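Notes follow the structure.
Reminder, nothing fancy here: chain letters follow the sequence lines and each chain counts from 1. Since we're looking at a predicted model, the values are computed, not measured.
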Amino acid sequence: MSLGNLSDLYRQLILDHAQHPHHRGELANANQTISLNNPTCGDVVNLSVEINDDQIKDIAFSGDGCSISQASASMMTDLVKGQSTAQAKKEIATFLEMLMGNPDEKDVDDLGDAAILATVVKFPARIKCATLAWKALEQAIGEAEKK
Amino acid sequence: MVKNIATARNDFPILAQKINDQPLTYLDNAATTQKPQAVIDALVHYYEFDNANIHRGVYTLAERATEQYEGVRQQVAKFIHAESDEVIFTRGTTTSLNWVALGFGAQVLQPGDEIVITVMEHHSNLVPWQQVAQKTGAKLRYVEITADGELDLAQYGELLNAKTKIVAFTHVSNVLGTINPVKKMTEMAHAVGAYVVIDGAQAAGHFPIDMVSLDCDFYAFSGHKIYGPTGIGILYGKRELLTEMQPVEFGGEMINLVTRQKTDFKAAPEKFEAGTMPIAQVIGLGAAIDYIQSIGWSAIEAQERKVTAAAYQLLKDIPGVEIYGPQIGSSRSALVTFNLNGVHPHDVATVLDTQGVAVRAGHHCAQPLMETLGVSSTTRASFGLYNNLTDVKRLAAAVRAAKEFFQV
């Protein structure tokens with residue numbers, strides 16, 4: 001039985017993040033909380049973010065989803081914690097472009113572990129799993145900027 | 001001509017292909033079934049030789065199309081043991097149920113009346129009733145399930161009272177596979193004077209359904225889940241209730257006489273079929289019913305029973321697999337819903353797909369049921385008349401591969 005292209009999707013790094021996600025939980029001092037779900041499958045990401053002075057001071061996520069959505073959320077929190085909101089918005093745009101199959105090779109390098117999720121493009125049914133947390137962060141920053 | 005179920009698979013051209021270099025093992029029949037060559041041919045033949053708009057033309061071609069369209073109405077009526085003026089063509093089960101909710105429910109419900117549905121409903125037999133309850137001030141009440149995944153009939157009996165105006169339930173659960181005791185439930189509802197609406201989407205292609213015997217007031221099902229085309233569904237309603245029921249869509253063909261300020265509608269079923277209907281799909285549905293009858297219910301039921309029992313057992317033998325719904329031997333239809341502990345259903349379905357095995361992963365449009373089961377999603381393998389023991393063995397091997405891959 002060939003499971004060849006499966007290891008393209010589930011690289012060890014992805015499985016590690018999925019099994020031992022970073023920044024999982026809820027922040028006591030969050031000033032932005034966003035819950036997003038994927039209505040086709042029921043996956044949920046609850047993001048809590050502390051944004052002060054246009055900077056992501058702290059971030060955590062909870063919820064329920066497949067290994068791709070969990071790993072993606074874990075990688076994203078690693079990347080954006082401590083970043084300015086402007087920088088985080090740029091990373092989100094880079095990530096979403098990458099998942100649409102138009103990676104900007106130079107910018108993708110900045111994504112850290114999350115760059116590995118480019119392989120998800122080969123599994124179109126799973127792209128929404130990978131983008132859920134990033135869309136939640138996009139909304140959280142948008143809400144923070146309104147204030 | 002009686003066909004042999006063992007070779008029925010060859011009648012479905014799509015099943016001959018490979019997916020991801022593996023033979024296609026199609027196990028998502030509860031979502032939609034594949035189409036036999038006879039149905040595909042009927043669609044092509046209609047467009048090549050008989051296409052015209054029905055009921056309007058005075059020319060030969062239009063008469064031919066009309067005759068075929070109305071012929072299928074009679075065929076459906078026979079198929080479900082009803083009269084042809086009790087058979088309405090719709091877009092699918094969802095449309096059928098929306099029309100009952102909006103065109104009938106909204107007419108008869110008063111503030112304080114009660115609608116009883118079950119926690120195992122597909123969203124299509126749940127959301128329309130929520131909407132109608134909000135519109136009319138009626139109260140929506142739920143029948144719960146037992147630990148075995150069957151409806152709690154004792155609690156159902158307690159829910160029914162003089163205020164119960166409508167009872168709506170699924171014939172077969174699209175997640176648990178439970179075949180509900182719909183005849184008994186109908187009797188109980190009628191005893192308190194309630195109208196009964198049955199969602200037959202997961203029943204119609206698997207065993208015979210009989211409106212006279214069930215005595216329900218409305219019954220809905222889809223063409224595409226019984227080997228017919230998409231875009232065509234059926235709503236059965238008792239004649240006197242269809243007279244009371246109001247159309248939800250208005251326009252051409254459903255009218256008797258239109259003046260500047262007022263319109264007189266035709267009688268049922270025409271008053272519900274506004275605009276140009278999916279004529280080719282109706283004719284395709286006729287071919288699908290012919291096909292089912294050429295195989296025969298007893299062969300279909302025996303094959304699906306065998307395949308479902310084998311799938312249940314092979315999955316149960318895999319450590320870490322949890323199966324939902326009634327046990328084999330109970331009143332159970334042709335699907336097995338399960339989870340592999342420690343692996344999300346999406347990940348399971350992706351591994352299965354690499355093995356050519358097509359299953360559904362997610363909440364199956366039954367979120368209140370998922371909540372009741374205490375899971376966010378599940379994996380479902382659902383069977384049709386062409387599935388065999390080879391398919392089931394491939395399914396089990398692929399689940400074992402997923403288990404090995406994720407090391408759980």
Which residue, B/Thr230, B/Thr93, B/Thr32, forms the side chain to side chain donor-acceptor pair (under 3.5 Å) with B/His224?
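Testing B/His224 for a side chain to side chain donor-acceptor pair (under 3.5 Å) against B/Thr230, B/Thr93, B/Thr32 leaves exactly one candidate, B/Thr32.
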Name each donor-acceptor pair under 3.5 Å that joins a side chain in residues 116-126 of chain A to protein atoms two or more places apart or in another chain, with its distance.
residue, atom, partner, partner atom, Å
A/Thr119, OG1, A/Asp8, O, 3.1
A/Thr119, OG1, A/Ile116, O, 3.3
A/Lys122, NZ, A/Asp8, OD2, 2.7
A/Arg126, NH1, A/Tyr10, OH, 3.1
A/Arg126, NH1, B/His346, O, 3.2
A/Arg126, NH1, B/Thr350, OG1, 2.4
A/Arg126, NH2, B/Asp347, OD1, 2.8

Are A/Asp43 and A/Lys128 within salt-bridge range, i.e. N to O under 4.0 Å?
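No, A/Asp43 and A/Lys128 are not salt-bridged.
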Pair A/Lys135 + A/Glu138, salt bridge at N-O below 4.0 Å
no
Chain B contacts, top residue of A/Gly65, A/Ala18, A/Pro39, A/Cys129 (heavy-atom pairs, under 4.5 Å):
A/Gly65
Max heavy-atom pair count under 4.5 Å with chain A, selected residue of B/His344, B/His363, B/Arg360, B/Gln367
B/His344
Check each atom of A/Gln19 against the heavy atoms of chain B and say whether the ones under 4.5 Å are side chain, backbone, both or neither.
side chain
